[in-house]
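Notes follow the structure.
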Amino acid sequence: PMTPESSSSSMCVNCRSAGARLTCPLCSEPVCSKCAERPPQGAFRHMHPVPQDLKHLHYCPPCYASHIEPALEKYAETLELAKQVFVFYVTQRKQIPLIKKAKETLRISEGEDRDEIILTLAYMAAEKGYNALVECDVKSVKVRNEGWQHSVWSGSAVPAMIDAEKMDRY
C-alpha cells in the first residue's frame, strides 16, 4: 500500500505539485492523491495467487501504465479463455476425449459461491494453457455464527487438454 511521506513538501512525480503525500509501492516515487491511479474494484479476483506487485491500492501513473494496465489486459484475455474451459465433474461417466492431463491438482480453499470457485479453477487452468477441468469437485460447508449462517465453498480439479472438436460432436 502507499505510505504517507514524512515530508509534506515532496513533489508529485506526475504533476510536480508540492505536497505529494503518497508513495508508489513499485518505484517509491512520491505521488499526490489526485494523480494516483487505482485499479478497478475486484481486479485480479480470479487470479490465484495474486502477485504481490498487483495487490496495492494506488500507483503512480507511469507504473500503472507500465505494470498494471498490461496485467489487466492479460487478465481479461485469460478470463475470456477461462469462460470457455470445459468442466467435467467427479460424477461424470461419459468418455472424455483427453489429449493431455496435468499431474498436479488445483485447489481453492475459500470462495463466496460455487460459480466463483469454478471460474477461479478455470482461470488457473487457462493460465497454464489447458482447455478443460476434469475430476472437478466443488463443496460447501455451512458456517454458523450465532444468529446467522453462510456457506464457504471449496473446490479442486485437474487441468487437462481435450480435443474440442470431438466435444462439439457430443
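Computed from a predicted model, the values in this text were never measured in an experiment. Excluded from the calculations below are hydrogen atoms, water molecules and symmetry mates; all remaining heavy atoms, backbone and side chain alike, are included.
Listed by chain and number, the residues in a ring pair (Phe, Tyr, Trp, His ring centres under 6.0 Å) with His150 are Trp148 (sequence neighbours excluded). For the side-chain hydrogen bond (donor to acceptor under 3.5 Å, both in side chains) test, no residue two or more places apart in sequence or in another chain qualifies with Glu73. In this view, Tyr123 and Tyr75 satisfy the ring pair (Phe, Tyr, Trp, His ring centres under 6.0 Å) rule, not counting sequence neighbours.
The two residues Ala157 and Cys136 make their nearest non-hydrogen contact at CB-CA, 3.9 Å. Shown here for Cys63 and Cys24, the closest heavy-atom pair between the two residues is SG-SG, 3.7 Å. Closest of all the heavy-atom pairs between Val31 and Ala36 is CG2-N, 3.9 Å. Between Arg38 and Ser33, the shortest heavy-atom contact is NH2-O, 3.3 Å. The minimum heavy-atom distance linking Pro61 with Glu37 is given by the pair CA-CG, 3.8 Å. Phe44 and Ile68 get closest at one heavy-atom pair: CZ-O, 4.4 Å.
Residue Gln92 places its CD atom among more than 12 non-hydrogen atoms of other residues, nucleotides or ligands, all under 6.0 Å distant.
Ring geometry for Tyr59 against His56 counts as perpendicular: the plane angle is over 60°, on a 0 to 90° scale with 30° as the lower cut.
To the nearest 0.5 Å, atoms CZ (Arg21) and SG (Cys32) are separated by 12.0 Å. Rounding to the nearest 0.5 Å gives a distance of 10.5 Å between CZ of Arg16 and SG of Cys35.
Identified under the ring-ring contact (aromatic ring centres under 6.0 Å, His included) test for residues 12-41, with sequence neighbours left out: none.
The other residues sharing a hydrophobic cluster with Tyr130 are Ile99, Met161, where clustering joins ILVMFWY side chains under 4.5 Å apart. In this structure, Met124 shares a hydrophobic cluster with Val85, Val87, Tyr89, Leu106, Ile108, Ile117, Ile118, Leu121, Leu133, Val138, Trp153, the cluster being traced through Ile, Leu, Val, Met, Phe, Trp and Tyr side chains under 4.5 angstrom apart.
Salt bridge status for Lys74 with Glu77: absent, with no side-chain N to carboxylate O gap under 4.0 Å.
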